[in-house]
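Notes for the one structure printed next.
These numbers come from a predicted model, not from an experiment. Every chain is numbered from 1 and lettered A, B, ... according to where its sequence line falls, protein lines coming before strand lines.
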There are 2 protein chains.
Amino acid sequence: MKSTPEFKVERITTTGTLTDRVFDALKQLINGEDFQPGSRLPSELKMASRFGVSRTVIREAVSRLKSEGLVESRQGSGVFVRDRNMHAPFRIDPSIMDSVQSVLQVVELRLSLEGEIAALAAKRRTREQMVAIKHALKQIELDEQAGKDGVEADIVFHRSIAEATGNPHFLALIEFLFNFLIKATLITRSYEATKAALSQQVKEEHLRIVDAISRQDPEAARLAARQHMEGASRRLGSVDLKRFIAQSESQDSH
Amino acid sequence: MKSTPEFKVERITTTGTLTDRVFDALKQLINGEDFQPGSRLPSELKMASRFGVSRTVIREAVSRLKSEGLVESRQGSGVFVRDRNMHAPFRIDPSIMDSVQSVLQVVELRLSLEGEIAALAAKRRTREQMVAIKHALKQIELDEQAGKDGVEADIVFHRSIAEATGNPHFLALIEFLFNFLIKATLITRSYEATKAALSQQVKEEHLRIVDAISRQDPEAARLAARQHMEGASRRLGSVDLKRFIAQSESQDSH
DNA sequence: CTTATTAAAGTTGTCATACAACATTACATG
DNA sequence: CATGTAATGTTGTATGACAACTTTAATAAG
């Protein structure tokens with residue numbers, strides 16, 4: 001059992017509750033070089049003293065670290081840094097989504113996945129799933145005609161395709177990525193709506209995907225989905241994103 | 001502001017600390033149908049009473065829910081279920097990794113990504129990154145000669161390719177997936193090591209990937225990486241996984 | 001001296017109480 | 001009815017106590 005490394009507390013400067021702040025500080029500490037897997041954090045009382053907060057705050061912060069899979073506690077013994085494990089989640093730090101580059105990186109990840117998702121959907125889709133996909137595509141059109149932004153309908157469309165992969169992880173991951181791309185999707189769709197030619201192109205791209213899935217042609221589906229996402233990425237890149245990102249930030253600060 | 005829905009507490013039966021158990025129960029409740037985004041959880045005191053635990057336990061559990069992005073608290077007002085947001089993590093439930101099908105589904109997700117990663121690495125890799133990739137490939141061989149299982153070296157190899165994408169999300173996501181596939185990788189490599197012909201095939205697959213990246217040929221890199229991962233998946237599928245999964249489970253129960 | 005047993009100290013998990021800071025509701029006044 | 005004040009309710013934090021467990025230290029026995 002490794003000894004408790006030297007505990008260096010830097011002044012907590014972030015905003016939020018004390019628990020939030022201690023959690024952030026401990027997380028950084030653990031992700032640093034001093035606390036290797038297996039090493040033991042100082043006792044709750046010592047940490048409370050070091051941070052200048054009550055034991056309650058420490059316990060709440062440590063409870064969160066446990067949820068992140070970063071530590072495990074053993075009653076009577078202490079709190080220990082965990083090895084790489086299946087409990088740690090995959091996250092994208094929301095605070096980085098204030099740069100155009102970061103948005104495009106997330107878009108790129110999604111782009112990579114959508115091609116694969118469409119190919120698998122073409123292989124595995126059931127009749128019912130095909131009906132749902134076609135219905136979702138139709139709903140995009142109905143929403144547009146009703147004057148809506150179409151973002152939710154677009155998400156439902158892509159979700160219906162991900163469901164047809166029969167692999168829940170594709171669905172969960174794409175849903176996860178939607179969270180980061182709602183604003184970007186809104187931007188893209190707004191831009192596409194300003195030009196009839198673009199709008200038509202997007203419809204055709206969607207149709208090509210659906211057609212390939214219907215025909216159960218994975219290669220065509222992959223290609224169509226990639227081309228659609230690449231087109232969307234290009235269209236996103238041709239819009240001045242900064243204005244929208246500034247809005248996004250003010251919205252998130254409530 | 002929506003009213004607080006009816007609060008139905010089912011007897012907590014799972015193991016772990018009370019905080020763990022209340023957290024699980026609340027999470028299920030929130031993911032159910034009664035608590036829509038915007039709705040308010042009962043007050044801490046009421047939940048403590050309902051669950052038959054102290055307010056401390058509730059607070060610790062709610063602190064975790066906040067970390068999961070599932071709720072937000074407003075001092076003086078209450079705890080509210082959040083909309084879809086960028087704070088919620090992507091997780092794969094470790095408990096499902098006890099079935100062969102689930103392992104193969106995670107493998108499939110990784111398979112999809114590795115092709116895209118290799119293609120991007122071929123487009124973007126720097127000289128230094130190319131050196132690191134070749135070095136990592138050499139290290140696999142050295143580890144095998146030293147009698148090691150080669151799992152860590154294999155991970156380092158794939159990691160070096162993901163780094164060459166220049167997109168941190170691919171790297172982070174593939175690292176995340178490694179956590180679930182360590183055992184499967186061990187199984188595959190063990191099986192591959194039992195037959196000289198297989199072992200040679202894997203080396204050639206690796207070489208083909210590295211060659212394509214070196215030549216900066218994205219299509220060849222994508223194809224080579226997909227073929228390698230498909231081969232690995234087939235090889236994994238031809239092993240009796242159940243024995244190993246049983247072992248994995250007993251290891252995780254400490 | 002070595003080994004085994006017991007006691008003491010330390011640590012996490014939970015409970016209870018109190019107060020600060022904030023929000024909501026109820027009541028009184030013009 | 002609108003406005004202001006008081007009362008009540010809720011989250012955030014601190015403190016103290018005790019239970020359940022682990023580790024270390026002290027003591028007794030061979």
Side-chain angles (χ1 to χ4, degrees), chain A residues 1-5 7 9 12 14-26 30 35 38-82 253-254, chain B residues 1-5 7 9 12-26 30 35 38-82 254:
Chain A
M1 188 56 67
K2 300 188 185 174
S3 63
T4 303
F7 190 65
V9 178
I12 305 173
T14 58
T15 59
T17 64
L18 287 179
T19 298
D20 291 336
R21 294 147 79 178
V22 169
F23 170 67
D24 286 338
L26 287 177
I30 288 165
F35 287 87
S39 54
R40 181 183 167 286
L41 295 196
S43 71
E44 292 172 352
L45 283 182
K46 283 200 177 111
M47 287 194 280
S49 175
R50 289 287 181 83
F51 280 109
V53 298
S54 71
R55 197 179 148 215
T56 304
V57 170
I58 297 294
R59 285 196 58 77
E60 287 180 14
V62 167
S63 189
R64 287 186 176 187
L65 292 173
K66 287 197 259 184
S67 247
E68 296 285 316
L70 288 172
V71 300
E72 65 188 335
S73 61
R74 290 181 216 129
Q75 183 171 345
S77 191
V79 176
F80 299 86
V81 179
R82 290 183 74 163
S253 305
H254 70 267
Chain B
M1 189 58 65
K2 300 187 185 176
S3 63
T4 302
F7 190 65
V9 179
I12 305 171
T13 57
T14 59
T15 58
T17 63
L18 288 178
T19 299
D20 291 335
R21 293 146 79 179
V22 169
F23 170 67
D24 286 338
L26 287 177
I30 288 165
F35 287 88
S39 54
R40 182 182 167 284
L41 295 197
S43 72
E44 291 171 353
L45 283 182
K46 282 198 178 115
M47 286 194 279
S49 176
R50 289 286 180 83
F51 280 110
V53 298
S54 71
R55 195 179 151 216
T56 304
V57 171
I58 298 293
R59 285 197 57 78
E60 288 181 12
V62 167
S63 190
R64 287 187 178 186
L65 293 173
K66 288 196 257 183
S67 248
E68 297 285 316
L70 288 173
V71 300
E72 65 187 336
S73 61
R74 290 180 217 130
Q75 183 171 341
S77 191
V79 177
F80 299 85
V81 178
R82 291 182 73 161
H254 70 268

Please report the shortest heavy-atom distance between [X] and [Y], naming the atom on each side.
| X | Y | result |
| --- | --- | --- |
| A:R55 | A:L45 | CD-CD2, 4.0 Å |
| B:T19 | B:A61 | CG2-N, 3.7 Å |
| B:G69 | B:R82 | O-CD, 3.5 Å |
| A:K46 | A:P42 | CB-CB, 4.1 Å |
| A:K66 | A:S73 | NZ-OG, 3.1 Å |
| A:V62 | A:V71 | O-CG2, 4.3 Å |

Hey, what are the protein-to-nucleotides 9-12 of chain C N/O distances that come in under 3.5 Å?
unit_1, atom_1, unit_2, atom_2, d
C:dG10, N2, A:G76, O, 3.1
C:dT11, O2, A:G76, N, 3.4
C:dT12, OP2, A:E44, N, 3.0
C:dT12, O4', A:G76, N, 3.4

Rounded distance (Å) that lies between atom [atom2] of [N] and atom [atom1] of [X]:
| X | N | atom1 | atom2 | answer |
| --- | --- | --- | --- | --- |
| A:E60 | C:dG13 | CD | C1' | 14 Å |
| B:I58 | C:dA16 | CD1 | C1' | 15 Å |
| A:L65 | C:dG13 | CG | C1' | 17 Å |

Does the A:R74 side chain pair with the main chain of A:F80, one donor and one acceptor, at a distance under 3.5 Å?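 Checked: no pair found.
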Indicate yes or no for a side-chain donor-acceptor contact from A:R64 to the backbone of B:S63 under 3.5 Å, with no hydrogens or angles considered.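 Checked: pair present.
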Anything under 4.0 Å to a heavy atom of chain A counts; send over the first and last such nucleotide of DNA chain D, read 5' to 3'.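 Taking any atom under 4.0 Å from a heavy atom of chain A, the span is D:dT13 to D:dT23.
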